[in-house]
Amino acid sequence: MAEILAIAHPDGGTVGVFAGAAAEQSLAIEHWIPAEGGDPKLPLDQYSGLVVLGGDENINQLDLYPYLEREFEVVHDWVASERPLFGVCLGGQMIAHVSGGSVFKASEREFGWAQIDVLPAAHDDPVAGFGADRLTGLAWHDYAFEPPPGSTTLASNSVCVQAFRHGEAWGFQHHPEIESSVLDGWLAPVLTDPDPERREQAELLEAGREAHMPAWNDYGRELFRRFATRCR
């Protein structure tokens, strides 16, 4: 079975619903956490696609997280080789960062169920070109990206660009991979946070789970199913 490599981060979750979508295309996904040292089990050129997941790190924190430099190198080389690449949150920011775009503090923190507008330019996109023109998606970030020159912006909202395509690389600021088990782990410490505003945001996110999570998971599975077809 061909494999996709997923770069993960401590406490950053897993590929979630993407795993089942990949399996439908006879693709397995291997998680690799550079922060823990070591290498993927295969040489990088033997993977058919790359996913870079989110995390608490920011791209300007090499002093705190020196392993990010290796991740930047992998993402840069992958983009240059025009092999299929899917970046989520921090992963999308990495694609922008290594390709001539920019990453900056967002105008406001997005934490919860956000409205996302799918732009007309996405309609013909082989990965994001399906579904409704407005989505209710799960967002969890303080930073945002400006896509690299020559990219196509696929989705946005009032806070920031939410998705772009750059060659064979797709960057998403929101979290289409998140399934309930991952969200449980993310929410648990925030629901007891001493900051009342953060607790309230977490409670609102939890309150919307039943209404929004099933459709969001359906969207994430289809999104990655389409990406996976490019990795066979």
Side-chain angles (χ1 to χ4, degrees), residues 6-7 9 12-13 15-18 49-61 68 71-72 75-76 78-80 82 84-178 186 201 205 212 215-216 219-220 222-224 226-227 230:
I7 294 178
H9 301 94
V15 295
V17 301
F18 293 172
L50 178 66
V51 176
V52 186
L53 297 171
D56 291 335
E57 306 90 335
N58 294 318
I59 63 157
N60 61 352
Q61 294 180 309
L68 290 177
E71 296 184 27
F72 293 166
V75 173
H76 176 273
W78 210 282
V79 171
E82 297 189 347
L85 169 57
F86 194 109
V88 174
C89 200
L90 174 62
Q93 293 167 9
M94 282 193 196
I95 296 171
H97 174 67
V98 305
S99 304
S102 60
V103 179
F104 49 88
K105 192 76 175 286
S107 59
E108 62 183 77
R109 185 171 196 256
E110 282 197 292
F111 175 29
W113 298 104
Q115 295 301 306
I116 300 164
D117 294 318
V118 179
L119 303 179
H123 292 168
D124 295 326
D125 186 80
V127 172
F130 71 96
D133 288 339
R134 172 163 287 189
L135 307 171
T136 299
L138 199 156
W140 192 310
H141 66 100
D142 293 291
Y143 282 73
F145 47 58
E146 178 65 29
S151 300
T152 299
T153 300
L154 304 174
S156 67
N157 64 11
S158 60
V159 176
C160 62
V161 172
Q162 292 287 331
F164 68 90
R165 180 186 183 182
H166 182 66
E168 278 296 302
W170 283 262
F172 297 86
Q173 189 57 71
H174 45 267
H175 285 275
E177 84 284 11
I178 291 302
W186 286 8
Q201 289 176 319
L205 198 164
H212 301 307
W216 186 237
Y219 172 79
E222 179 61 21
L223 188 72
F224 201 77
R226 288 167 171 251
F227 174 77
R230 307 183 78 78

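Values in this document were obtained by computation on a predicted structure and should not be read as measured data.
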After noting the C-alpha distance and the side-chain angles of Val52 and Val75, does the key distance pass the side-chain contact (heavy atoms from CB on, under 4.5 Å) rule?
CA-CA 8 Å; Val52 186; Val75 173; 3.8 Å; yes

Shortest non-hydrogen separation from Ala128 to Leu154 and the atoms involved
CB-CD1, 4.0 Å

Consider only side-chain N and O atoms of Gln115 and Gln162, and report whether a donor and an acceptor are under 3.5 Å apart.
no

Is His212 atom NE2 crowded by more than 12 heavy atoms from other residues, nucleotides or ligands, each under 6.0 Å away?
yes

Other residues, nucleotides and ligands only: do more than 12 of their heavy atoms fall within 6.0 Å of CD on Gln61?
yes

Once rounded to the nearest 0.5 Å, what's the spacing between atom CG of Leu119 and atom OG of Ser156?
4.5 Å

Determine, stepwise, if the pair Arg165 / Asp125 fulfils side-chain contact (heavy atoms from CB on, under 4.5 Å).
CA-CA 9 Å; Arg165 180 186 183 182; Asp125 186 80; 3.3 Å; yes

Give the minimum heavy-atom separation between Val118 and Ala122, together with the two atoms involved.
CG1-CB, 3.6 Å

Can you give me the closest heavy-atom contact between Ala139 and Ala114, atom names plus distance?
CB-CB, 4.1 Å

Do Leu223 and Phe130 come close enough that some side-chain heavy atom pair is under 4.5 Å?
yes

Just checking, is any N or O donor in the side chain of Gln93 or His141 under 3.5 Å from an acceptor N or O on the other one?
no

State, with a plain yes or no, whether a side-chain heavy atom of Phe18 is found less than 4.5 Å away from one of Val88.
yes

For the atom pair NE2 (His9) and CD (Glu57), what is the distance rounded to the nearest 0.5 Å?
5.0 Å

Beyond-backbone contact of Pro147 with Val161, side-chain heavy atoms, under 4.5 angstrom:
yes

Taking all non-hydrogen atoms of both residues, which atom of Cys89 and which atom of Gly54 are closest, and how far apart?
CB-CA, 4.2 Å

For Ile95 and Leu85, what are the C-alpha separation, side-chain angles and deciding distance, and is it a side-chain contact (heavy atoms from CB on, under 4.5 Å)?
CA-CA 9 Å; Ile95 296 171; Leu85 169 57; 3.8 Å; yes

Non-hydrogen atoms of Val15 and Ala6 that approach each other most closely
CG1-CB, 3.6 Å

Would you call the rings of Trp170 and Phe227 parallel, tilted or perpendicular if under 30° counts as parallel and over 60° as perpendicular?
perpendicular

Distance from Asp117 atom CG to Asp133 atom CG, nearest 0.5 Å?
8.5 Å

Looking at every heavy atom in both Val17 and Pro176, which two are closest together, and how far apart are they?
CG2-O, 3.6 Å

Quick check on ring pair (Phe, Tyr, Trp, His ring centres under 6.0 Å): which of Trp216, Tyr219, Trp186 does His175 satisfy it with?
Trp186

CG (Asp142) and OG (Ser107) are apart, to the nearest 0.5 Å, by 11.5 Å

Pairwise distance SG(Cys160) to NZ(Lys105) - rounded to 0.5 angstrom:
13.0 Å

Check: Leu205 main-chain N/O paired with Trp113 side-chain donor or acceptor under 3.5 Å:
yes

Checking side-chain contact (heavy atoms from CB on, under 4.5 Å) for the pair Ile116/Gln173: CA distance, chi angles, key distance, verdict?
CA-CA 10 Å; Ile116 300 164; Gln173 189 57 71; over 6 Å; no

With sequence neighbours left out, what residues match Phe145 under ring-ring contact (aromatic ring centres under 6.0 Å, His included)?
Phe164

Using the six-membered ring wherever Trp is involved, compare the ring planes of Phe72 and His97 and label them parallel, tilted or perpendicular (cut-offs 30° and 60°).
tilted

Taking ring-ring contact (aromatic ring centres under 6.0 Å, His included) as the test, write out the residues that go with His166, two or more places apart.
none

Nearest 0.5 Å, what's the CE-CH2 distance between Met94 and Trp78?
14.5 Å

Donor-acceptor under 3.5 Å (Ser99 side chain, Ala96 main chain):
no

Phe86 and Phe224 aromatic centres sub-6.0 Å
yes

His174 ring center within less than 6.0 Å of Phe172 ring center
yes

